[in-house]
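Presented below is the structure to which this report refers.
The model shown is predicted, which means the values in this text are computed figures rather than measured ones.
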Amino acid sequence: MTTEAEIIARIHRRLGSAGGRFVRLGIGDDAAILRPSRGAELLVTCDPFLEGVHFLREKHRADVVGYKALARATSDIAAMGGVPRCFLLGLALPETHAGKWLDGFLAGMRRAARRFGMVLAGGDTSKHRQILVQITVLGEIAAGKAILRSGARLGDLIYVSGRLGEAQLGLEVILRGRDGKRGWRGLLRKHLHPEPRLALGQWLAAKRLASAMIDVSDGLSTDLGHVCEASGAGARVFSEKIPQVRVPEDLRRRGVDPQKLALDGGEDYELLFTVPRRMARRLPTSYRGVLLTAIGEITRGGEIVLIERDGRVAALRPHGWDPFRAV
(Lines give C-alpha, C1' and ligand atoms only; values in the text may rest on other atoms or scores of the structure.)
Protein backbone atom coordinates (compact mmCIF):
# COMPACT_ATOMS: atom_id res chain seq x y z
CA MET A 1 0.00 0.00 0.00
CA THR A 2 1.50 3.33 -1.08
CA THR A 3 1.13 6.24 1.34
CA GLU A 4 0.89 9.93 0.56
CA ALA A 5 4.07 10.54 2.57
CA GLU A 6 5.93 8.09 0.32
CA ILE A 7 4.67 9.84 -2.82
CA ILE A 8 5.67 13.25 -1.49
CA ALA A 9 9.11 11.92 -0.58
CA ARG A 10 9.43 10.50 -4.11
CA ILE A 11 8.53 13.87 -5.60
CA HIS A 12 10.95 15.66 -3.27
CA ARG A 13 13.83 13.33 -4.17
CA ARG A 14 13.31 13.75 -7.91
CA LEU A 15 12.32 17.40 -8.15
CA GLY A 16 13.60 18.92 -4.93
CA SER A 17 12.72 22.43 -3.81
CA ALA A 18 16.07 24.02 -3.13
CA GLY A 19 18.22 26.17 -5.32
CA GLY A 20 17.97 29.78 -6.30
CA ARG A 21 17.43 32.90 -4.27
CA PHE A 22 13.72 33.16 -5.10
CA VAL A 23 12.52 30.19 -3.00
CA ARG A 24 13.63 30.66 0.62
CA LEU A 25 11.57 27.71 1.91
CA GLY A 26 10.06 25.00 -0.27
CA ILE A 27 8.69 21.52 0.43
CA GLY A 28 8.36 20.55 4.08
CA ASP A 29 6.15 23.19 5.64
CA ASP A 30 2.56 24.37 5.27
CA ALA A 31 3.47 26.99 2.68
CA ALA A 32 6.48 28.11 0.66
CA ILE A 33 8.34 31.31 1.45
CA LEU A 34 9.40 33.33 -1.57
CA ARG A 35 11.85 36.20 -1.87
CA PRO A 36 11.13 38.29 -5.02
CA SER A 37 13.79 40.55 -6.51
CA ARG A 38 13.83 44.21 -5.60
CA GLY A 39 11.93 46.30 -8.14
CA ALA A 40 10.20 43.25 -9.63
CA GLU A 41 6.53 42.34 -9.87
CA LEU A 42 5.26 38.80 -9.35
CA LEU A 43 3.57 36.87 -12.16
CA VAL A 44 1.31 33.99 -11.13
CA THR A 45 -0.52 31.57 -13.42
CA CYS A 46 -2.17 28.16 -13.02
CA ASP A 47 -2.98 25.49 -15.56
CA PRO A 48 -4.72 22.08 -15.35
CA PHE A 49 -3.49 19.07 -17.31
CA LEU A 50 -6.15 16.38 -17.20
CA GLU A 51 -6.28 12.81 -18.44
CA GLY A 52 -8.83 12.43 -21.21
CA VAL A 53 -8.86 16.17 -21.87
CA HIS A 54 -5.24 17.23 -22.38
CA PHE A 55 -3.54 13.85 -22.70
CA LEU A 56 -4.35 10.17 -23.21
CA ARG A 57 -2.77 7.67 -20.83
CA GLU A 58 -2.48 5.01 -23.52
CA LYS A 59 -1.01 7.40 -26.12
CA HIS A 60 1.30 9.70 -24.15
CA ARG A 61 4.32 8.45 -22.20
CA ALA A 62 4.64 9.45 -18.55
CA ASP A 63 7.74 11.62 -19.17
CA VAL A 64 5.88 13.48 -21.93
CA VAL A 65 2.98 14.19 -19.55
CA GLY A 66 5.38 15.57 -16.94
CA TYR A 67 7.31 17.74 -19.37
CA LYS A 68 4.28 19.11 -21.17
CA ALA A 69 2.29 19.84 -17.99
CA LEU A 70 5.01 22.24 -16.84
CA ALA A 71 5.86 23.64 -20.28
CA ARG A 72 2.32 24.70 -21.12
CA ALA A 73 1.86 26.50 -17.80
CA THR A 74 5.23 28.23 -18.17
CA SER A 75 4.16 29.60 -21.56
CA ASP A 76 1.84 32.04 -19.78
CA ILE A 77 4.88 33.63 -18.15
CA ALA A 78 6.54 33.92 -21.57
CA ALA A 79 3.40 35.63 -22.89
CA MET A 80 3.91 38.52 -20.47
CA GLY A 81 7.67 38.80 -20.99
CA GLY A 82 8.52 37.36 -17.58
CA VAL A 83 11.12 35.04 -16.07
CA PRO A 84 9.76 31.83 -14.46
CA ARG A 85 11.15 31.12 -11.00
CA CYS A 86 9.27 28.26 -9.33
CA PHE A 87 6.15 26.13 -9.53
CA LEU A 88 3.62 24.31 -7.36
CA LEU A 89 2.48 20.81 -8.29
CA GLY A 90 -1.00 19.46 -7.56
CA LEU A 91 -1.14 15.78 -8.51
CA ALA A 92 -3.90 13.17 -8.22
CA LEU A 93 -3.36 9.66 -9.58
CA PRO A 94 -4.35 6.02 -9.09
CA GLU A 95 -2.26 3.93 -6.71
CA THR A 96 -1.29 1.74 -9.70
CA HIS A 97 0.59 4.72 -11.16
CA ALA A 98 2.41 5.77 -7.98
CA GLY A 99 5.54 3.79 -8.92
CA LYS A 100 7.13 3.45 -12.35
CA TRP A 101 4.67 5.81 -14.05
CA LEU A 102 5.24 8.48 -11.41
CA ASP A 103 9.01 8.17 -11.81
CA GLY A 104 8.70 8.76 -15.56
CA PHE A 105 6.36 11.70 -15.00
CA LEU A 106 8.78 13.31 -12.54
CA ALA A 107 11.74 12.73 -14.87
CA GLY A 108 9.95 14.63 -17.65
CA MET A 109 8.97 17.41 -15.27
CA ARG A 110 12.52 17.67 -13.94
CA ARG A 111 13.80 18.01 -17.50
CA ALA A 112 11.36 20.85 -18.16
CA ALA A 113 12.14 22.57 -14.84
CA ARG A 114 15.86 22.56 -15.57
CA ARG A 115 15.33 23.77 -19.11
CA PHE A 116 13.16 26.68 -17.99
CA GLY A 117 15.19 27.53 -14.89
CA MET A 118 12.61 26.66 -12.21
CA VAL A 119 12.42 24.80 -8.92
CA LEU A 120 9.51 23.09 -7.19
CA ALA A 121 8.25 25.15 -4.24
CA GLY A 122 5.46 22.85 -2.98
CA GLY A 123 2.05 21.44 -3.83
CA ASP A 124 -0.25 18.62 -2.82
CA THR A 125 -1.17 15.05 -3.77
CA SER A 126 -4.28 12.91 -3.75
CA LYS A 127 -5.61 9.58 -4.97
CA HIS A 128 -7.98 9.45 -7.94
CA ARG A 129 -8.99 6.98 -10.63
CA GLN A 130 -7.72 9.39 -13.30
CA ILE A 131 -4.46 11.32 -13.54
CA LEU A 132 -5.08 14.98 -12.80
CA VAL A 133 -2.30 17.57 -12.77
CA GLN A 134 -2.55 21.19 -11.63
CA ILE A 135 0.48 23.45 -12.12
CA THR A 136 0.94 26.92 -10.66
CA VAL A 137 3.94 28.85 -11.98
CA LEU A 138 5.38 31.95 -10.35
CA GLY A 139 7.66 34.35 -12.16
CA GLU A 140 9.03 37.85 -12.08
CA ILE A 141 9.27 40.86 -14.33
CA ALA A 142 10.64 44.35 -13.84
CA ALA A 143 7.94 46.62 -12.44
CA GLY A 144 5.78 48.12 -15.17
CA LYS A 145 7.24 46.04 -18.02
CA ALA A 146 4.72 43.20 -18.26
CA ILE A 147 3.14 42.96 -21.71
CA LEU A 148 -0.66 42.75 -21.44
CA ARG A 149 -3.33 41.63 -23.88
CA SER A 150 -4.95 45.05 -23.72
CA GLY A 151 -2.26 47.22 -25.33
CA ALA A 152 -2.97 46.76 -29.07
CA ARG A 153 -3.76 50.01 -30.89
CA LEU A 154 -5.06 51.01 -34.32
CA GLY A 155 -2.46 50.36 -37.02
CA ASP A 156 -0.27 48.04 -34.93
CA LEU A 157 1.12 45.12 -36.90
CA ILE A 158 0.24 41.60 -35.76
CA TYR A 159 3.12 39.14 -35.48
CA VAL A 160 3.44 35.46 -34.66
CA SER A 161 6.52 33.45 -33.82
CA GLY A 162 7.35 30.08 -35.35
CA ARG A 163 4.99 28.06 -37.53
CA LEU A 164 1.40 27.52 -36.50
CA GLY A 165 -0.41 24.19 -36.53
CA GLU A 166 2.60 22.03 -35.72
CA ALA A 167 1.30 20.80 -32.37
CA GLN A 168 -2.13 19.93 -33.76
CA LEU A 169 -0.47 18.10 -36.65
CA GLY A 170 1.48 16.01 -34.13
CA LEU A 171 -1.76 15.09 -32.37
CA GLU A 172 -3.35 14.15 -35.71
CA VAL A 173 -0.38 11.87 -36.44
CA ILE A 174 -0.80 10.12 -33.07
CA LEU A 175 -4.59 9.78 -33.28
CA ARG A 176 -4.33 8.34 -36.80
CA GLY A 177 -1.75 5.77 -35.66
CA ARG A 178 1.05 7.21 -37.81
CA ASP A 179 3.45 8.05 -34.98
CA GLY A 180 5.46 4.90 -35.62
CA LYS A 181 5.86 5.65 -39.33
CA ARG A 182 9.46 6.15 -40.44
CA GLY A 183 10.34 9.79 -40.99
CA TRP A 184 7.24 11.09 -39.22
CA ARG A 185 8.50 11.23 -35.63
CA GLY A 186 9.83 14.74 -36.16
CA LEU A 187 6.23 15.87 -36.63
CA LEU A 188 5.50 14.98 -33.00
CA ARG A 189 8.09 17.24 -31.37
CA LYS A 190 5.96 20.30 -30.79
CA HIS A 191 2.96 18.30 -29.59
CA LEU A 192 4.99 16.22 -27.14
CA HIS A 193 7.63 18.75 -26.04
CA PRO A 194 6.36 22.31 -26.58
CA GLU A 195 8.86 25.13 -26.16
CA PRO A 196 7.62 28.24 -24.34
CA ARG A 197 9.13 31.28 -26.05
CA LEU A 198 10.66 32.65 -22.86
CA ALA A 199 13.71 34.33 -24.39
CA LEU A 200 11.62 36.01 -27.08
CA GLY A 201 9.03 37.26 -24.61
CA GLN A 202 11.72 38.64 -22.31
CA TRP A 203 13.46 40.38 -25.22
CA LEU A 204 10.24 41.98 -26.44
CA ALA A 205 9.50 43.22 -22.91
CA ALA A 206 13.03 44.53 -22.31
CA LYS A 207 13.07 46.40 -25.65
CA ARG A 208 9.45 47.58 -25.20
CA LEU A 209 8.66 46.47 -28.75
CA ALA A 210 5.34 44.69 -28.20
CA SER A 211 2.21 46.64 -27.34
CA ALA A 212 0.16 43.49 -26.56
CA MET A 213 0.93 39.79 -26.36
CA ILE A 214 -0.59 36.36 -25.74
CA ASP A 215 0.62 32.80 -26.25
CA VAL A 216 -1.06 30.72 -28.94
CA SER A 217 -2.45 27.99 -26.72
CA ASP A 218 -6.04 27.76 -27.98
CA GLY A 219 -5.40 28.53 -31.64
CA LEU A 220 -4.79 31.76 -33.59
CA SER A 221 -8.48 32.32 -34.37
CA THR A 222 -9.33 32.19 -30.66
CA ASP A 223 -6.29 33.85 -29.10
CA LEU A 224 -6.30 36.82 -31.49
CA GLY A 225 -9.90 37.33 -30.40
CA HIS A 226 -8.74 37.56 -26.77
CA VAL A 227 -6.27 40.32 -27.67
CA CYS A 228 -8.83 42.25 -29.70
CA GLU A 229 -11.48 41.97 -26.99
CA ALA A 230 -9.07 43.15 -24.28
CA SER A 231 -7.83 46.00 -26.49
CA GLY A 232 -11.24 47.07 -27.77
CA ALA A 233 -10.08 46.61 -31.35
CA GLY A 234 -10.53 44.54 -34.47
CA ALA A 235 -8.00 42.87 -36.78
CA ARG A 236 -7.25 42.09 -40.39
CA VAL A 237 -5.26 38.91 -41.05
CA PHE A 238 -3.83 37.83 -44.42
CA SER A 239 -3.98 34.06 -44.91
CA GLU A 240 -1.01 33.98 -47.29
CA LYS A 241 1.23 35.51 -44.62
CA ILE A 242 0.45 33.01 -41.86
CA PRO A 243 3.45 30.67 -41.39
CA GLN A 244 1.77 27.29 -41.73
CA VAL A 245 2.95 23.82 -40.85
CA ARG A 246 3.95 21.55 -43.73
CA VAL A 247 1.48 18.66 -43.86
CA PRO A 248 2.56 15.36 -45.51
CA GLU A 249 0.64 14.64 -48.69
CA ASP A 250 -0.69 11.42 -47.18
CA LEU A 251 -2.55 13.43 -44.51
CA ARG A 252 -3.61 16.18 -46.92
CA ARG A 253 -5.46 13.57 -48.95
CA ARG A 254 -7.26 12.56 -45.77
CA GLY A 255 -8.52 16.05 -45.12
CA VAL A 256 -5.83 17.53 -42.85
CA ASP A 257 -5.76 21.17 -43.97
CA PRO A 258 -2.64 23.21 -43.05
CA GLN A 259 -4.57 26.50 -42.96
CA LYS A 260 -7.17 25.10 -40.58
CA LEU A 261 -4.37 23.73 -38.38
CA ALA A 262 -2.70 27.15 -38.35
CA LEU A 263 -5.92 29.04 -37.56
CA ASP A 264 -7.62 26.68 -35.12
CA GLY A 265 -4.99 24.21 -33.90
CA GLY A 266 -4.04 24.65 -30.27
CA GLU A 267 -0.97 24.04 -28.08
CA ASP A 268 1.64 25.63 -30.34
CA TYR A 269 2.65 27.96 -27.48
CA GLU A 270 4.08 30.43 -29.94
CA LEU A 271 3.74 34.14 -29.18
CA LEU A 272 1.14 36.33 -30.87
CA PHE A 273 2.03 39.99 -30.37
CA THR A 274 1.36 43.44 -31.77
CA VAL A 275 3.99 46.04 -32.63
CA PRO A 276 3.46 49.75 -33.36
CA ARG A 277 4.12 50.27 -37.05
CA ARG A 278 6.83 52.86 -36.40
CA MET A 279 8.80 50.28 -34.41
CA ALA A 280 8.40 47.33 -36.77
CA ARG A 281 11.70 48.08 -38.54
CA ARG A 282 13.48 47.22 -35.27
CA LEU A 283 12.08 43.70 -35.35
CA PRO A 284 14.27 41.05 -37.05
CA THR A 285 12.85 38.31 -39.27
CA SER A 286 13.89 35.80 -36.61
CA TYR A 287 15.05 35.80 -33.02
CA ARG A 288 17.45 33.08 -31.85
CA GLY A 289 16.35 30.95 -34.77
CA VAL A 290 12.61 31.47 -34.17
CA LEU A 291 10.76 32.89 -37.17
CA LEU A 292 8.93 36.21 -36.62
CA THR A 293 6.21 36.96 -39.18
CA ALA A 294 3.84 39.91 -39.64
CA ILE A 295 0.43 38.45 -40.53
CA GLY A 296 -1.93 41.42 -40.31
CA GLU A 297 -2.83 44.63 -38.53
CA ILE A 298 -5.07 45.98 -35.80
CA THR A 299 -8.20 47.81 -37.01
CA ARG A 300 -11.08 49.80 -35.54
CA GLY A 301 -14.16 48.12 -34.10
CA GLY A 302 -14.33 44.57 -32.90
CA GLU A 303 -14.47 42.71 -36.21
CA ILE A 304 -11.73 40.21 -37.02
CA VAL A 305 -11.47 39.26 -40.68
CA LEU A 306 -9.37 36.87 -42.74
CA ILE A 307 -8.33 37.96 -46.23
CA GLU A 308 -7.86 34.94 -48.46
CA ARG A 309 -5.27 34.66 -51.22
CA ASP A 310 -7.88 35.48 -53.87
CA GLY A 311 -8.92 38.66 -52.03
CA ARG A 312 -12.11 37.29 -50.49
CA VAL A 313 -12.84 38.64 -47.03
CA ALA A 314 -14.48 36.48 -44.36
CA ALA A 315 -15.06 36.82 -40.65
CA LEU A 316 -12.44 34.92 -38.66
CA ARG A 317 -14.49 32.95 -36.14
CA PRO A 318 -12.92 31.56 -32.94
CA HIS A 319 -12.83 27.84 -33.71
CA GLY A 320 -9.81 27.02 -31.54
CA TRP A 321 -9.87 25.06 -28.30
CA ASP A 322 -12.75 25.72 -25.94
CA PRO A 323 -13.43 23.01 -23.33
CA PHE A 324 -17.06 24.14 -22.97
CA ARG A 325 -17.93 24.31 -26.67
CA ALA A 326 -20.43 21.66 -27.74
CA VAL A 327 -18.89 19.15 -30.13
Side-chain angles (χ1 to χ4, degrees), residues 20-22 36-45 71-86 112 115-118 137-164 166 190 194-217 220 223-238 241-243 268-299:
R21 176 208 50 78
F22 188 83
S37 303
R38 180 175 298 177
E41 294 178 323
L42 281 177
L43 301 174
V44 183
T45 183
R72 66 200 303 272
T74 305
S75 182
D76 287 334
I77 302 296
M80 300 191 79
V83 179
R85 296 298 190 193
C86 69
R115 184 168 182 81
F116 309 142
M118 288 189 287
V137 176
L138 295 95
E140 291 182 309
I141 192 166
K145 285 200 171 183
I147 305 174
L148 311 182
R149 299 178 180 184
S150 56
R153 297 294 178 261
L154 177 65
D156 286 1
L157 298 181
I158 302 168
Y159 280 81
V160 292
S161 65
R163 293 189 181 278
L164 301 183
E166 290 182 325
K190 204 167 185 178
E195 188 72 20
R197 299 303 186 190
L198 290 164
L200 174 59
Q202 291 161 19
W203 180 75
L204 290 169
K207 298 296 183 181
R208 296 186 179 272
L209 289 172
S211 52
M213 188 155 65
I214 193 173
D215 65 330
V216 184
S217 55
L220 174 63
D223 291 317
L224 178 57
H226 295 326
V227 170
C228 289
E229 181 179 10
S231 299
R236 180 185 299 121
V237 176
F238 298 90
K241 295 185 177 182
I242 300 172
D268 278 317
Y269 301 109
E270 296 293 349
L271 294 182
L272 166 65
F273 57 98
T274 58
V275 177
R277 194 175 292 270
R278 70 182 185 282
M279 301 175 70
R281 55 176 168 49
R282 296 171 53 189
L283 209 64
T285 56
S286 66
Y287 180 79
R288 296 191 181 183
V290 179
L291 186 68
L292 304 180
T293 308
I295 64 169
E297 62 184 350
I298 296 296
T299 60

In short, Ala71 meets Pro194 closest at the heavy-atom pair CB-O, 3.8 Å

Closest heavy-atom pair and its distance - Ile295, Lys241: CG2-O, 3.6 Å

Minimum side-chain heavy-atom gap Val137-Leu43 below 4.5 Å: no

With rounding to the nearest 0.5 angstrom, report the CG to CE distance, Leu204 to Met213. 5.5 Å

Out of curiosity, His226 NE2 to Leu272 CG, how far, rounded to the nearest 0.5 Å? 10.5 Å

Atom CG in Leu209, atom OH in Tyr287: separation rounded to 0.5 Å? 10.5 Å

Would a distance-only check, ignoring hydrogens and angles, find a side-chain to backbone donor-acceptor pair under 3.5 Å from Glu166 to Asp268? no

Would you tabulate the side-chain donor-acceptor contacts of residues 75-85 under 3.5 Å, counting partners in other chains and residues two or more places apart, or write 'none'?
from: Ser75; atom 1: OG; to: Asp215; atom 2: OD2; distance (Å): 2.8
from: Asp76; atom 1: OD2; to: Thr45; atom 2: OG1; distance (Å): 2.9
from: Arg85; atom 1: NE; to: Glu140; atom 2: OE1; distance (Å): 2.8
from: Arg85; atom 1: NH2; to: Glu140; atom 2: OE1; distance (Å): 3.1

Closest approach of Gly201 and Ile147, non-hydrogen atoms and distance? O-CD1, 4.4 Å

Would you compute the distance between atom CH2 of Trp203 and atom CG of Leu283 and round it to the nearest 0.5 angstrom? 5.0 Å

In this structure, CG of Asp223 is separated from CZ of Arg149 (nearest 0.5 Å) by 7.0 Å

Heavy-atom closest contact (Arg197 atom, Tyr269 atom, distance): CG-O, 3.9 Å

I'd like to check Leu292 versus Leu200 (side-chain heavy atoms, cut-off strictly below 4.5 Å). Are they in contact? yes

Flag side-chain contact, heavy atom, 4.5 Å: Ile242 against Val160: no

Donor-acceptor contacts, no H, no angles, side chain residues 150-159, under 3.5 Å, sequence neighbours left out:
from: Arg153; atom 1: NH1; to: Ser150; atom 2: O; distance (Å): 3.1
from: Asp156; atom 1: OD2; to: Arg153; atom 2: N; distance (Å): 3.0
from: Asp156; atom 1: OD2; to: Ser211; atom 2: OG; distance (Å): 2.7

Would you name the heavy atoms of Cys86 and Phe22 that are closest together and state the gap between them? SG-CE2, 3.7 Å

Residue pair Met279 / Lys207, side-chain heavy-atom distance below 4.5 Å: no

Smallest heavy-atom separation, Glu270 atom then Lys190 atom, equals OE2-NZ, 2.6 Å

